[in-house]
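Written out below as structure tokens is the structure these notes cover.
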Amino acid sequence: MSTLTETWKAVPRRRFLVVPAKWRNPIGIAGAIIVAFVILTALIGNLIWTNDPNNSNADRLLGPSWAHPFGTDEIGRDTLARIIHGAQVSLQVGATATAIALIAGTCLGMLAGYYKGLVDQLVSRVIDLVFAFPGLVLAIVIAGLLGPTRRNAMIAIGIIITAPFARVVRAAVLEVMGFPFIESSRALGASDMRVIFRHVLPNITAPIIVLTSVYFSQAILSEATLSYLGLGIQPPEAAWGNMLATARQYVGTSIWMSIFPGAAIMIIVLGFNFLGDGLRDVLDPRVGGVTDAVTKK
Amino acid sequence: MTTFLIRRFIAMVATLFAVSVTIFLMVRLMTGDIISIIFFGDEAATDEQKNLVRKQLGIDGSYYHQYTHWAGRILFHGDFGNSFQSGQPIAPILGHAIHITAELIVLGILIALLFAIPLGVISAVKRDSAADYGARLTGLIGISIPGFWLATLLIIFTSRVFNWLPPLLYVSITSDPWKNFTQFIFPALSISVFTLAIVMRMLRATMLEVLNLDYVRTARAKGVPRRTVLIKHALRNALIPVVTVAGFEVGYLIAGAAIVETIFNLPGVGYNLLHAISQRDYPLIEATTLLIAAVFVVVNTLVDLVYGMLDPRISVAD
């Protein structure tokens, strides 16, 4: 009887969720937690902290207190409520711009890498053209010319991050196309669509996932910059960038207004960068880190 | 080598041409009808007045005619047209602005390299030590912190602690070098952090790679002092890719400079671009964007060439 107990004890209990060793990546997990926290804040933050981000029902320029943990702004609106709203705006603009880049970039890169020849030449030249501008400058000019609205900011940011997506996808497709299973699949009579969706796409998901995370952070940073310059989300709607722009006039009297929105931007960007670094380590050691993705080399 | 240089030169010129066409078309296609924006609400405006404005803006006639006129004047006379808002010729404005932006970028690059190189080397040599983690964390924060926020933090810090604010009006380096320096150091610091982080991370990665190579071990085995091996053998080779990255960063610094120039009230190229956008000054938007893109393209081409020359393993003839 006792031997049985001993044996039972010696066998490690099965865990419900077994995490493979390579997924235990502290930086990536830290990033995932930060990102999850910000997404949760955007989704249910205004249910927990029920102050109205647009209602000036308090004294103006208050410092942090229990009633207003992040203080109040120049017309007495609660800064925490505005930061929660800013999280929704940032994630929405970031997600839309990244989705534009993900879809357009993947399609373009796929076309160029799969059909090669003239199509590749055409797509590659367009990509090169976007890369001939510093990204942020191009976003500023596009958003400025189209007019400063949320939709145009999404378009501008979408365009500048489509180019790196297309370039990386193209390179990945070219690599996959060299493998024998593509040739054998074709020899068996598979159509282009079947080869693309059954064989090429599944083999390039790793770099695409890593890119999505890294460029999500870039999209959020770009949105904040555009809003800061008055070319993105317009006041009175709260966005982290335009909150910082307003705060500039009050650096002498109310430094809190400048601290919290900036910290929010840094935290979410840091989260996505951590996540991107972690995902790269786990999924795809070939793609360079944030460093490489950002500097495109 | 010569054919390679010629090919790169032709590619660069082709890119510049494509860039100028893109800017030209963006200003015309993305803005809607410029004339109706300018004359918005002005019922009394006659067609004659509208045509005059069209001519002034260089938007009369076909696109082909407009483009050749615009590009031709820039190419052959260095004439970027007149600012629509002030009526002043744009070329002298840009000439003045480019000095400010150049000073900012050079200072930014210097600060970045000054900190990034020692940090990257220490981080690689003392891998997985506290110093390494500190440097890597600094690197990750550096690529995540918005430059414009950092600029604000710097202003808050110095105004609270030293009760000092950077001078509000631009002072040129020739008239008062010290005042000029105090004015440029904060904007330069805030744009340098991103580059610092990128270069540091890059150098750490390449140093780790180089330190594992045979010739480094051979040098150590021969009895060459550790410091000499690190600096003369390892660092020199690890710096090659870093030079390229730092070169490409110049372009991104222009973008960063545009934002801090507005914060610190320095009338550089980016300041003029943002000012032109808010004033709907289309000729100035075209000119500043073209200037920024042209510098970016030329610098990137030069960096490509320098990279080929620095690293004998890369055959430039390919």
Side-chain angles (χ1 to χ4, degrees), chain A residues 27 31 125-126 128-148 152 217-218 220-221 224-225 228-231 240-241 244-245 247-248 251-252 255 258-259 261-263 265-274 277 288-292 294-297, chain B residues 14-16 18-19 22-23 26-27 29-32 139-141 143-150 152-153 155-156 159-160 165 194 197-199 201-202 205 241 244-245 248-249 251-256 258-259 262-263 270 273-274 276-278 280 282 285 288-289 292-294 296-297 300:
Chain A
I27 286 189
R125 290 299 83 77
V126 175
D128 286 349
L129 192 59
V130 177
F131 272 119
F133 296 87
L136 204 51
V137 170
L138 190 59
I140 288 171
V141 173
I142 294 175
L145 290 177
L146 288 176
N152 293 342
S217 76
Q218 290 301 303
I220 287 177
L221 202 50
T225 310
Y228 182 76
L229 296 171
L231 296 169
W240 295 337
L244 281 176
R248 258 170 69 194
V251 280
I255 59 168
S258 296
I259 301 284
I265 300 170
M266 194 181 85
I267 287 169
I268 181 69
V269 175
L270 203 61
F272 274 107
N273 280 338
F274 275 5
D277 261 21
V290 181
T291 323
D292 300 19
V294 171
T295 55
K296 86 190 158 53
K297 267 282 166 175
Chain B
T15 312
L16 286 175
V19 161
T22 310
I23 294 168
M26 277 202 308
V27 168
L29 299 178
M30 284 183 174
T31 45
L140 270 167
I141 290 175
I143 54 172
S144 308
I145 195 166
F148 55 88
W149 186 51
L150 191 63
T152 317
L153 290 184
I155 292 181
I156 291 177
S159 65
R160 294 262 151 165
L165 280 171
F194 186 80
I198 296 267
V199 172
R201 286 164 56 106
M202 181 89 191
T244 12
V245 171
F248 286 122
E249 277 302 309
Y252 295 94
L253 282 174
I254 300 177
I259 297 146
T262 26
I263 299 177
L273 169 66
L274 287 165
I277 285 176
S278 68
R280 294 189 169 280
Y282 298 108
I285 296 178
T288 43
T289 315
I292 292 172
F296 191 54
V297 169
N300 284 358

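Residue numbering restarts at 1 for every chain, and letters A, B, ... go by the order of the sequence lines.
- Contact of the Tyr282(B) side chain with the Leu145(A) side chain is registered, since non-hydrogen atoms from C-beta on lie closer than 4.5 Å.
- For the set Leu221(A), Leu136(A), Ile267(A), the entry with the most heavy-atom pairs within less than 4.5 Å of chain B is Leu221(A).
- Both the backbone and the side chain of Ile263(B) have a heavy atom closer than 4.5 Å to some heavy atom of chain A.
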Stepwise side-chain contact (heavy atoms from CB on, under 4.5 Å) test for Thr289(B) and Phe133(A): CA-CA 9 Å; Thr289(B) 315; Phe133(A) 296 87; 4.1 Å; yes
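- Distance CE/Met266(A) to CG/Asn273(A): 11.0 Å, rounded to 0.5 Å.
- Contacts of Leu244(A) with chain B are made by side-chain atoms alone, with heavy-atom separations under 4.5 Å and no backbone atom involved.
- Proximity to chain B (any heavy atom under 4.5 Å) is shown, for Leu146(A), by both the backbone and the side chain.
- Between Ile265(A) and Trp149(B), the closest side-chain pair of non-hydrogen atoms is not below 4.5 Å.
- In terms of heavy-atom pairs under 4.5 angstrom with chain B, the leader among Asp128(A), Asn152(A), Ile259(A) is Ile259(A).
- Heavy atoms closer than 4.5 Å to chain A are found in the side chain of Ile285(B), but not in its backbone.
- With chain A as the partner, the residue from Val297(B), Val19(B), Thr152(B) showing the most heavy-atom pairs under 4.5 Å is Val19(B).
- The closest side-chain heavy-atom distance from Leu140(B) to Asp277(A) is below 4.5 Å.
- Residues Leu274(B) and Leu231(A) meet the side-chain proximity criterion, which asks for heavy atoms closer than 4.5 Å.
- With chain B as partner, the option from Leu129(A), Ile268(A), Val251(A) having the largest number of non-hydrogen pairs under 4.5 angstrom is Leu129(A).
- Taking OG1 of Thr15(B) as the reference point, atom CZ of Arg125(A) lies at 8.0 Å (rounded to 0.5 Å).
- Ranked by heavy-atom pairs under 4.5 Å with chain B, the list Leu138(A), Val137(A), Ile27(A) is led by Val137(A).
- How far CD1 of Ile142(A) is from CD1 of Ile140(A): 11.0 Å, rounded to the nearest 0.5 Å.
- In this structure, OG1 on Thr288(B) lies 8.5 Å from CD1 on Ile23(B), to the nearest 0.5 angstrom.
- If you measure heavy-atom distances from Ile141(B) to chain A, the contacts under 4.5 Å come from both the backbone and the side chain.
- No other option in Gly144(A), Ala263(A), Gly241(A), Pro134(A) has as many heavy-atom pairs under 4.5 Å with chain B as Pro134(A).
- Heavy-atom distances place no part of Ser159(B) under 4.5 Å from chain A, backbone and side chain included.
- Residue contact with chain B, scored on non-hydrogen atoms closer than 4.5 Å, involves the side chain of Tyr228(A) exclusively.
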